[in-house]
Amino acid sequence: MQHRIAAILFGAILAISPFLISGGGASHGGVQVADEEALLRDISLPSGESISITFSSRAGGFWVDADCGGDCRDLLLTVSDNVSEHTAIITDNAVVNGQLMEGIAWLNLSNTGSEPLNVDIQASLPELNSLGNADSSLTRNSSVQAKSFSSTSDLTEIFAAKVASGEIHDISATWINATFNELDNMYWLVDANISDILELSLLHSSADIELRLLSGDEGNQILASLSSQSNSSSSTTAQRVWQTTTNNHTWLEASTTTANSSFSARLAAHGSTDTWPADGEVSDVQELDEESAAFYGLLSTADEDIIMINASGPHLWKFTSSSTTALDVNISAMVDGIWVPFLSLEGLQSGSMYNSDSSIWTPESTALLKVSISSLNEQTGIWSFDVMRTTFGDLDTNTDAHGAIPMNIDSAMENWDFIQLKEGVSHSGWLSLPTYDGADTYLLNLEGWEESRHRIKLQLTADNTRIVAELIEMEWSSRTIVSNSSTIIEEGIEGMTTLEVGEGTHLLRIRSVELMNGEGNWTWGDVGINPIPWTIEISSLQSEEGIEPWFEAEGFVSQASTALLYFLGFLMLAPVLWVIWTNRIHNRRAAQLAGDKERLKTLRKMISEGQVKQAISDLKLSLRTIAALEWEEGVETWGEASIRHRTDAVDLAVWKLAPEFSNKGGIPVLFGVHILKGTWKVAAVRFEVSAGKHWKVISTEPRFLSREDEVFLDTLSEGSRTFLKVELEGDGTGLEVSMSGLVDNKPMAAKHTGSLRLEEE
């Protein structure tokens, strides 16, 4: 029996550890990886049975401390090699230490009692592939060879085992086992790339121990430290620290005040694969994979990472963050082209990790989410950020159905969805109560003649919630309800109703009783309120076919119809002819202006001669006609610009205007923009002040929507040229102009350098 258990344990350990002669386990950088926690935890020993763990040993000191739950009198613990055997001293624990020869060694455990034993072991064993005394030096001697050690650029490993015993999350770390010779300090020089994050863990110690990371330069600056005031216990949580390196080599220093003490530690490096931009920059928009995504990164001191996520539409979002240091996480949403702060996450410490989770609803006009991540205490750390999006679309789409009754039949046909009337076919959707989505409205199409009648049958299913479905026969010319029928679910889960209607387009409405009766007393976006799922089956039966209308037209009717068609054709062509004529006038006017260079000087001369009204009228006409010219030709026509700024995507120009061009007593300027690349959506131009109070836009020509110091230009297509006169109000002493928008769903901006002084004329 003893041999069978030993063989089973031997096979299990072989799969996870390099302790065995066969050399199981992964290796990287010349030093193999060993999972000491998995090997020596939760060993079960039935009465009278033994196990033996075989490992390849270097020559050196060892220490083993076994915990049997407070009583180890029935445990026989020995450590042996080919020369000698060391037996543990038994008290509450079983402790053994000594020296091992190079070669094969064994850790043996036997239960000599009548009851089963559960044993946890902490140890420092000079395993062949771990770093030890022989790899160290007694001084920080720069001539020693730097040791390579396990590292990982896959940050997902940090969070792959959040509940692992001993809080060991990185399975690719270098194992360090060493025993002090008297009280001499030990030093290991290890490779470390600049900006890598070093992860140091102190697992076990037989006495007091201090580990320190020191910079590899001549200053030997202390980067981080861990310490234990006495021996550790099997239940002691591993100490852990993360630290950014400052150069290509780093010293690991170990010291103690207790002679011949032993310790076990781990060291790993996490390569900087972080691609998230610093504060103020914008990253590529991240797309979610099957409604969820996980992001990972490194935070050095005073660093900030920013993630931009595609977030179109009204959705429920769940965010979960984990990190090795306390994080400051702020989430903003771009709603109607404006960044709106939405959420701040505060992490709670669990073991050596900081975790937080929260949920939000985003409005329908949301385009992007921006997640800003920084260290709350300006410490180095590693973070993960998980995003899960839940959509509550209707009829197997990601969009929400309209809830109101259409204003007219034309609006209904253009914006509302039809629902199929077929027996045995079900349709599903949601009423998203947290976002006040209390109704879904659909169109029903019944084909027939004037006297045709149809009987509609509707079956509604919901999950024991208060919901009502209503069939409505509409008279669209007066927007009145001819007849209606409804079914309501109060306590059950199903309801049915029927309605007889005439031919044409009618309505189906599904509504929440709470919101319909004004009983919804929650705030918008309350994640404690659940959306309501609904399912319907709807079919129709033509009860009366009606009579198809028919009559033979008289001869004069045919003649009148032909004349009417010619007349209507002329009316339809008239607008086209007007547009062609108007464009010819503008093109001719543009050609004339192209020959009239320095147009603004001409307008100023007209003002000086008292022709103010004529100059203002001429400027309005020039804004449109000069836009028809090629861009450079148009710029030359206006004259030398006060500001000119060109990028790969856009060319901006600004001219100062005489005060007489003001309509409302403000300061007039002329602004021109030429789109060189892409289509700019939600484009806007901002007139910022260099000093003094903010500028305020009080008038534009042509008219555009404005707010404070910003004018919204809507969508500008590639190759378009736009000129507008803007009147500003304020006490500023300088003007800076910038433009922003979305190009291919990515934010883009352009801003000239320098400032235009408006008080100089």
Side-chain angles (χ1 to χ4, degrees), residues 314 364 391-423 425-447 453-520 524 529-541:
E364 184 174 1
T391 60
F392 295 93
D394 298 321
L395 300 188
D396 298 323
T397 68
N398 290 331
T399 59
D400 177 45
H402 290 286
I405 294 178
M407 293 299 296
N408 51 58
I409 187 63
D410 293 333
S411 176
M413 293 292 188
E414 184 177 353
N415 300 302
W416 269 252
D417 295 324
F418 283 92
I419 200 165
Q420 183 182 12
L421 288 86
K422 188 174 182 180
E423 190 170 359
V425 177
S426 62
H427 310 277
S428 300
W430 298 83
L431 295 178
S432 299
L433 301 189
T435 61
Y436 298 146
D437 169 30
D440 291 331
T441 303
Y442 296 97
L443 304 182
L444 307 175
N445 185 45
L446 286 307
E447 295 182 353
R453 302 300 293 174
H454 304 263
R455 181 169 293 277
I456 303 174
K457 183 177 71 173
L458 169 68
Q459 182 173 332
L460 170 68
T461 304
D463 189 12
N464 199 27
T465 52
R466 302 176 66 200
I467 187 174
V468 59
E470 183 180 16
L471 297 170
I472 303 174
E473 183 179 15
M474 291 294 297
E475 172 54 55
W476 290 105
S477 60
S478 58
R479 197 173 177 262
T480 57
I481 297 176
V482 177
S483 62
N484 67 318
S485 175
S486 64
T487 178
I488 185 170
I489 294 178
E490 291 282 2
E491 297 179 356
I493 62 172
E494 290 186 354
M496 188 175 68
T497 187
T498 61
L499 180 66
E500 187 173 289
V501 301
E503 61 86 23
T505 301
H506 305 295
L507 299 178
L508 161 66
R509 298 194 78 198
I510 303 168
R511 290 190 287 173
S512 161
V513 175
E514 284 184 294
L515 292 180
M516 184 173 64
N517 295 338
E519 300 171 6
W524 191 98
I529 302 297
N530 295 321
I532 300 177
W534 55 260
T535 301
I536 62 169
E537 288 188 16
I538 185 168
S539 59
S540 69
L541 177 66

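Note that the numbering runs from 1 along the sequence shown for the chain.
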task: First locate atom OG of S485, then atom CG of L499, and finally report the distance between them rounded to the nearest 0.5 Å.
output: 5.5 Å

Atom of S478, atom of T480 and distance for their closest heavy-atom approach: OG-OG1, 2.9 Å

message: Has R479 got a side-chain atom pairing as donor or acceptor with P406's backbone, closer than 3.5 angstrom?
response: yes

query: Hey, is the main chain of S512 close enough, under 3.5 Å, to the side chain of R466 for a donor-acceptor pair?
result: no

task: Show your reasoning for whether side chain to side chain contact (heavy atoms under 4.5 Å, CB included) applies to M496 and T487.
output: CA-CA 6 Å; M496 188 175 68; T487 178; 5.5 Å; no

- request: Could you walk me through whether M474 and I409 pass the side chain to side chain contact (heavy atoms under 4.5 Å, CB included) test, one step at a time?
  value: CA-CA 10 Å; M474 291 294 297; I409 187 63; over 6 Å; no

Qualifying residues under salt bridge (charged side-chain N to carboxylate O under 4.0 Å, His left out), relative to E414, sequence neighbours excluded: none

query: To the nearest 0.5 Å, what is the distance between CD (E423) and CD (Q459)?
result: 10.0 Å

- prompt: Of all residues at least two apart in sequence or in a different chain, which pass the side-chain contact (heavy atoms from CB on, under 4.5 Å) check with H402?
  reply: N415, W416

- prompt: Between the main-chain N or O of E470 and the side-chain N or O of S486, is there a donor-acceptor pair closer than 3.5 Å?
  reply: no

- request: State, to 0.1 Å, how close P531 and W430 come at their nearest heavy-atom pair, and which atoms those are.
  value: CB-CE3, 3.8 Å

task: Compute whether any side-chain donor of one residue and acceptor of the other, for E500 and T498, lie under 3.5 angstrom apart.
output: no

- prompt: Atom CD in E537, atom CG in L458: separation rounded to 0.5 Å?
  reply: 10.0 Å

message: Has H506 got a side-chain atom pairing as donor or acceptor with L471's backbone, closer than 3.5 angstrom?
response: no

query: What distance separates D417 CG from T399 OG1, expressed to the nearest 0.5 Å?
result: 6.5 Å

field: Which atom of M413 lies closest to which atom of L443, heavy atoms considered
entry: N-CD1, 4.3 Å

- request: Output the distance between atom CG (D400) and atom CG (L431), rounded to the nearest 0.5 Å.
  value: 8.5 Å

statement: Tightest non-hydrogen contact, residues I467 and I532, listed as CD1-CG2, 4.2 Å

query: Which value, rounded to the nearest 0.5 Å, describes the distance between I529 atom CD1 and E514 atom CD?
result: 7.5 Å

- prompt: If you measure only the distance, is there a donor-acceptor pair under 3.5 Å linking the side chains of T535 and S426?
  reply: no

message: Can you see whether E473 engages S483 through a side-chain donor-acceptor pair at a distance of less than 3.5 angstrom?
response: yes

- line: salt bridge (charged side-chain N to carboxylate O under 4.0 Å, His left out) filter on E503, not counting sequence neighbours, yields none

- prompt: Should we say atom CD of E364 is surrounded by more than 12 heavy atoms from elsewhere, each under 6.0 Å from it?
  reply: no

message: Looking at every non-hydrogen atom in both residues, tell me the closest pair between V468 and M516 and how far apart they are.
response: CG1-CE, 3.8 Å

query: Side chain of D394, backbone of G429: donor and acceptor closer than 3.5 Å?
result: no

statement: Looking only at heavy atoms, the pair that brings L421 and N445 closest together is CD1-N, 4.3 Å

- prompt: So does E519 have more than 12 non-hydrogen atoms from other groups sitting under 6.0 Å from CD?
  reply: yes

